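In what follows, a single structure is set out as structure tokens and then discussed.
It should be emphasised that the depicted structure is a prediction, and the values quoted were computed from it without experimental measurement.
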Amino acid sequence: MLRGIRKASSNWLGKIVMATVMGVLIVSFAVWGIADIFKGFGQSSLAKIGKTEISTEQFRQIYTEKLQQLGRRFGRPLTSEQARAFGLDRQVLQQTIAEAALDEEARRMGLAQSQDETMRLIYNDPNFQGLGGKFDAQRFQATIRQFGYTEQRYLAEQRRVGLRRQIADTVSAGLEPPKVMIDALTRYQNEQRSIEYVKLDAAQAGTIDPPSPEALAAYFEERKTQFRAPEYRKLSFVVISPEEIGKWTEVSDEDAKKVFEQRRDQLGTPEKREVSQMFFPNEGEAQAARSRITSGMLFDDLAKERNLNLADVDLGMIAKSAIIDPAIADAAFSLSSGEVSQPVQGRFGVALVKVGNIEPGVTPTFESVAAQVKKELATERARVKVSEIQNKMEDERSGGANVVEASQKLGLTAVTIDAVDRSGRTPDGQPVTNIPRGLDVVSQAFNSDVGVDNEPIQFAGGYVWYDVLGITPSRERTLDEVRSQVEAKWREDQISSRLRAKATEMVQKVEQGGTLAAEAAAVGAKVETATGFRRDASLSGVPSAAITAAFRTPKDGIGQTPGTGGSEWIVFRVTDVTVPQVDAASEELKKLKDTLQRSLTEEKVTQYITKIESEIGTTINQAAFAQVTGANN
């Protein structure tokens, strides 16, 4: 609908029609009042925190982006079911509400962040730095555009983030983990155990006769839902990203050399200077201070005399581009080493600038940076091409073309998957192989329907358009369809049941005075050992369940636990428990303290946010939340 409105408004006739429609709405306000025209206002709202409303579409975008990020990290798309199983739906909702609550609190407290501070943070963001590690305005614009931001909107968002951080830092200031907590966690984390263990597998289970037809049929009837065919969807999609459009090797040496010449200064290591600055109320005081310095007084001694913090005076070894105030930067890079400037009128007042050591810049050769230049140039060209194709694709889609038709017209290659379930598998149980790593198009398709004009997914610096072409509903399979799977599961259950009984018998005999070695020999198994492992250990041949069980069992105690899969069982005895001494200055302990510090900070800030939410009021539209996260499918 929105795409149609945008398309309709793009020509002169459409503008007249839309003006008429909007005129009707304006008349409605005058005749009926705003309350009546907005009777359905709350239906598009997913949550309300104080005076802030989070729309359903807003949260859908936030949630989708989070799942895509996690999918890229895991190396495969995350389905809606998996996300809900991990509790990600609630986590994202809570985070979104918490951010809105902090924004409300910042407004109530009258907090603000200057434009200069916001720009400083953006200039120092590595995501916006180009060749040579410097801020690249084109990269900045391209990056925020890919994520749907205008410059003004992105700056506003960064100011909100800065204000939230101010509140969080204030709330958590002075928090420090107590020594008792550090000692307890150190012991827990570093405790080591040793075990002797026996693996029981199918050999110890004995002969398993095939089930009778009646037994297999009864087994299947009791577990029919386990063998149910999932819902499948047929879908098509096309990926348009810089990576898909061009590779850096396609850039010629001639083009790369032109860019190298244009950006030679940016590609090298810039000159750096040791810069100090000191501000004064007016030019007269600054000039008087300079006279004292030229007469022999040290710059740092003058700062101390004026009760200034040396950390605020000293900018360190810094490049010209990193100095926020242009007047200060020009003055600093026009001085000789050891020289103090005349009074400089900067953004924040009149200052004296002093230069210490100077590190000359380094200009690279073309050969040393050719690969880097080509890659950067190819990426820049591809970003422009992505934007061009995006507009053309939107035009085709607005004209009624589906993904396959639009792709063919634009010379793109669309991918069609005939059948895929929510977990990304085909009917033969194999993962779909022609979906790019990290692309979450399957779960998006399962949240859509046939004939729906879906919004494109942002992916890898570009976009993905997709259509749902067909739906095959979930159904119960017959025994004949899954007979081999049912037989395999029945056999696995039989082996597991026998091994558990055998393990229980061995544990009882050892507890009554027998030895693990004797019991192992009696069943044709061997005793193995694992020594000096911690809770987080990953040992070859020892299942993680056995490690966990070992730390629940006292020294000389005996226990049992399932092994890998359903056809293995472990019987073990804890032979040793030790807690090694930890160096208080070790890197490991520092990391533990940092982790505890973060945990305490998060807990304190969470408590504060909970208090804000309760005071200003928080409501959630559960139906809208379920619809966005797929819980009502």
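A distance-only check finds a donor-acceptor pair linking the side chain of Thr610 to the backbone of Thr606 [under 3.5 Å]. With hydrogens and angles disregarded, a donor-acceptor distance shorter than 3.5 Å links the side chain of Thr548 to the backbone of Ser544. Side-chain atoms of Lys199 do not come within 3.5 Å of backbone N or O of Glu528 as any donor-acceptor pair. A donor-acceptor pair is defined here as one N or O able to donate and one able to accept, closer than 3.5 Å; no such pair exists between the side chain of Arg233 and the backbone of Val468. Remark: the backbone N or O of Ser55 is not paired with any side-chain donor or acceptor of Ser45 at under 3.5 angstrom. For the pair Thr186 (side chain) and Ile182 (backbone), a donor-acceptor distance under 3.5 Å is present. Proximity of a side-chain donor or acceptor of Asp421 to a complementary backbone N or O of Ser423 within less than 3.5 Å is detected. Remark: side-chain polar atoms of Thr553 are paired, donor with acceptor, to backbone N or O of Ala549 under 3.5 angstrom.
In this structure, Trp465 and Tyr463 have tilted ring planes: the angle between them lies in the 30° to 60° band. Classified by interplanar angle (parallel below 30°, tilted 30° to 60°, perpendicular above 60°), the ring pair Phe625/Phe59 is tilted.
Asp480 and Thr478 share no donor-acceptor pair across their side chains, judged by distance under 3.5 Å alone. Side-chain contact check for Glu104 and Thr52: at least one donor-acceptor pair (N or O, by modelled atom type) lies under 3.5 Å. Between the side chains of Glu99 and Gln95, at least one donor N or O lies within less than 3.5 Å of an accepting N or O. Side chains of Glu57 and Gln61: a donor-acceptor N/O pair is absent below 3.5 angstrom, by distance only.
Counting only heavy atoms from C-beta outward, the side chains of Phe533 and Val542 never approach each other to under 4.5 Å.
Taking the centre of each ring, Tyr154 and Phe128 come in below the 6.0 Å mark.
Taking CD from Gln204 and CH2 from Trp569, the interatomic distance works out to 14.0 Å, rounded to the nearest 0.5 Å. Rounded to the nearest 0.5 Å, atoms CG (Asp576) and CZ (Arg193) are 9.5 Å apart. Atom CD1 of Ile435 is separated from atom CG of Leu235 by 6.5 Å, given to the nearest 0.5 angstrom. One finds the OG1 atom of Thr225 at 12.0 Å from the CZ atom of Arg477 (value rounded to the nearest 0.5 Å). Taken to the nearest 0.5 Å, the CG atom of Leu589 stands 10.0 Å off from the CG atom of Asp594. Here CD of Gln113 is found 6.0 Å from CD of Gln166. Values are rounded to the nearest 0.5 Å.
Of the residues Met506, Arg498, Arg500, the one that meets the side-chain contact (heavy atoms from CB on, under 4.5 Å) test with Leu200 is Met506. Just one residue in the list Arg483, Lys489, Glu476 forms a side-chain contact (heavy atoms from CB on, under 4.5 Å) with Phe227, and that residue is Lys489. Of the candidates Val464, Leu67, Thr64, Leu67 is the only one forming a side-chain contact (heavy atoms from CB on, under 4.5 Å) with Asp440.
For residues 543-564, the set of pairs meeting the salt bridge (Lys or Arg N to Asp or Glu O under 4.0 Å) definition, not counting sequence neighbours, comprises Asp556-Arg573. Counting only residues at least two apart or on different chains, the salt bridge (Lys or Arg N to Asp or Glu O under 4.0 Å) pairs with a member in residues 609-627 are Lys611-Glu615.
Counting heavy atoms of neighbouring residues, nucleotides and ligands inside a 6.0 Å radius, atom CD of Glu511 exceeds 12 of them. Heavy-atom contacts from other residues, nucleotides or ligands closer than 6.0 Å to NZ of Lys66 number 12 or fewer.
Nearest heavy-atom pair across Phe220 and Val486 is CD1-CG2, 3.7 Å. Heavy-atom minimum distance, Asn127 versus Thr143: O-OG1, 4.2 Å. Looking at every heavy atom in both residues, Val441 comes nearest to Tyr466 through CG2-CB, 3.8 Å.
A salt bridge does not link Lys591 with Glu587: none of the charged nitrogens is closer than 4.0 Å to a carboxylate oxygen. Salt-bridge check for Glu588 with Arg534: passed, with a basic side-chain N closer than 4.0 Å to an acidic carboxylate O.
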Output, in order, the C-alpha distance, side-chain angles, deciding distance and verdict of side-chain hydrogen bond (donor to acceptor under 3.5 Å, both in side chains) for Arg422 and Ser80.
-> CA-CA 8 Å; Arg422 288 178 183 272; Ser80 297; 4.8 Å; no

